[in-house]
Amino acid sequence: MLFSVLRKVNFLFGGFAVKMDAFHFDDVIKVHKVNFNGISRIEAESQDGNTFCQLVIIRELYSVHPNELYRMVISEVDKDNPDESDFAGYLPEGKQKSPADQFEFIMQGKVYNVSTDTSGSDTKAVVHISFGGLQFMLKSDPAKLQRFKRGQRILLLMTKL
């Protein structure tokens with residue numbers, strides 16, 4: 001199952017480990033626009049203005065508002081722990097914390113398209129990720145998105161700043 005949403009409280013990564021040293025993307029984004037229709041369609045931009053993203057999430061799971069800042073991290077799923085059936089487990093009291101505990105919202109998905117946009121004055125790389133039907137588009141400088149490959153399983157991690 002590609003769509004897995006985790007809340008920070010009482011969860012850790014079991015079968016999938018977050019590669020905290022191998023981020024594909026790590027930036028602070030500012031939300032510019034949120035459309036509500038049972039889901040939230042978010043448009044955001046990095047603080048330096050070089051990265052644009054559109055993300056669809058279920059608003060009951062994570063509430064995002066215009067003009068707020070969020071840290072957004074995208075990490076490849078650890079290939080050494082590929083068992084999807086053990087993606088999340090209950091975190092018993094006193095057990096070791098996961099590196100993902102510093103984030104409020106986490107989704108697991110798959111990169112389904114990586115392309116180039118030459119329509120503007122600068123060439124941009126465009127990455128499309130599906131979280132079980134919830135879509136994410138990330139557009140930035142090609143050097144910033146060079147680690148994304150079609151078919152990769154990734155984790156999107158977010159927390160409000």
Side-chain angles (χ1 to χ4, degrees), residues 2-13 16 18-77 87-88 91 97-150 152-161:
L2 287 179
F3 180 64
S4 298
V5 178
L6 303 178
R7 291 304 293 237
K8 176 181 170 184
V9 180
N10 292 334
F11 285 95
L12 83 140
F13 287 88
F16 287 147
V18 179
K19 287 188 169 183
M20 298 306 280
D21 62 340
F23 293 151
H24 282 31
F25 181 82
D26 185 358
D27 210 338
V28 173
I29 60 166
K30 181 176 183 179
V31 175
H32 291 295
K33 186 176 175 183
V34 179
N35 295 327
F36 298 107
N37 188 12
I39 59 169
S40 296
R41 183 174 308 276
I42 301 158
E43 292 184 8
E45 192 171 46
S46 63
Q47 288 186 306
D48 65 7
N50 291 328
T51 302
F52 174 77
C53 68
Q54 291 179 328
L55 172 64
V56 177
I57 59 175
I58 300 170
R59 68 179 178 187
E60 287 82 13
L61 296 175
Y62 193 61
S63 184
V64 177
H65 303 284
N67 300 315
E68 291 181 340
L69 297 176
Y70 295 84
R71 180 179 178 205
M72 179 182 286
V73 172
I74 301 173
S75 177
E76 186 175 8
V77 170
F87 180 77
L91 180 61
K97 300 287 184 180
S98 164
D101 286 340
Q102 63 186 297
F103 297 94
E104 300 170 331
F105 182 76
I106 302 167
M107 286 196 302
Q108 185 260 335
K110 188 172 186 176
V111 177
Y112 69 89
N113 192 23
V114 179
S115 61
T116 304
D117 179 3
T118 57
S119 63
S121 59
D122 294 331
T123 299
K124 299 282 186 181
V126 182
V127 176
H128 294 271
I129 302 168
S130 176
F131 299 99
L134 299 178
Q135 302 298 305
F136 176 64
M137 185 273 298
L138 185 63
K139 184 186 286 189
S140 190
D141 180 85
K144 196 169 188 176
L145 303 182
Q146 68 184 350
R147 297 182 73 179
F148 288 95
K149 306 289 183 235
R150 186 175 183 188
Q152 281 178 322
R153 291 187 302 170
I154 57 91
L155 295 171
L156 173 88
L157 304 97
M158 289 178 62
T159 195
K160 184 178 174 190
L161 298 178

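Worth knowing before you read on, the calculation uses all heavy atoms, side chains too, and leaves out hydrogens, waters and symmetry mates.
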In the structure I gave you, are the side-chain heavy atoms of Leu155 and Phe131 within less than 4.5 Å of one another anywhere?
no

Would Leu134 and Ile58 satisfy side chain to side chain contact (heavy atoms under 4.5 Å, CB included), going step by step from the backbone distance to the final call?
CA-CA 8 Å; Leu134 299 178; Ile58 300 170; 4.1 Å; yes

Can you tell which of Ile74, Ile129, Leu138, Ile57 makes a side-chain contact (heavy atoms from CB on, under 4.5 Å) with Leu156?
Ile74

Would you compute the distance between atom NZ of Lys33 and atom CD of Glu45 and round it to the nearest 0.5 angstrom?
13.5 Å

How about Ser46 and Asp27: do any of their side-chain heavy atoms sit closer than 4.5 Å?
yes

Lys30 and Asn67, any side-chain heavy atoms less than 4.5 Å apart:
yes

Between Phe25 and Arg147, is any pair of side-chain heavy atoms under 4.5 Å apart?
no

For the student: nearest non-hydrogen atoms of Val31 and Ala44, plus distance:
CA-CB, 3.9 Å

Closest non-hydrogen atom pair between Lys149 and Gln152, with its separation
N-OE1, 2.8 Å

Heavy-atom side-chain proximity of Leu69 to Gln47 below 4.5 angstrom
yes

Pro142 versus Ala125, closest heavy-atom pair with distance:
CA-CB, 3.7 Å

Test salt bridge (charged side-chain N to carboxylate O under 4.0 Å, His left out) on Glu104 and Lys160; report intermediate values, then the result.
CA-CA 8 Å; Glu104 300 170 331; Lys160 184 178 174 190; over 6 Å; no

Inter-residue atom distance Leu157.CG - Phe105.CZ, 0.5 Å rounding:
10.0 Å

Find the distance between CD (Glu43) and NE2 (His32) and round it off to the nearest 0.5 Å.
9.0 Å

Compare all side-chain heavy atoms of Val73 with those of Gln102 and state whether any distance is below 4.5 angstrom.
no

Candidate list Val56, Val111, Leu55, test side-chain contact (heavy atoms from CB on, under 4.5 Å), partner Phe136, passing option
Leu55

Please round to the nearest 0.5 Å and tell me the distance separating atom OG of Ser75 and atom CD of Gln108.
11.5 Å

Which class fits the ring pair Phe148 and His24: parallel under 30°, tilted 30 to 60°, perpendicular over 60°?
perpendicular

Main chain of Met158, side chain of Arg71: is a donor-acceptor contact present, judged purely on distance under 3.5 Å?
no

Taking all non-hydrogen atoms of both residues, which atom of Ser40 and which atom of Arg59 are closest, and how far apart?
OG-CB, 3.1 Å

Do Lys144 and Asn50 come close enough that some side-chain heavy atom pair is under 4.5 Å?
no

Is the closest side-chain heavy-atom distance between Gln135 and Tyr112 below 4.5 Å?
yes

What's the spacing between Tyr70 OH and Ile42 CD1 if we round to 0.5 Å?
7.5 Å

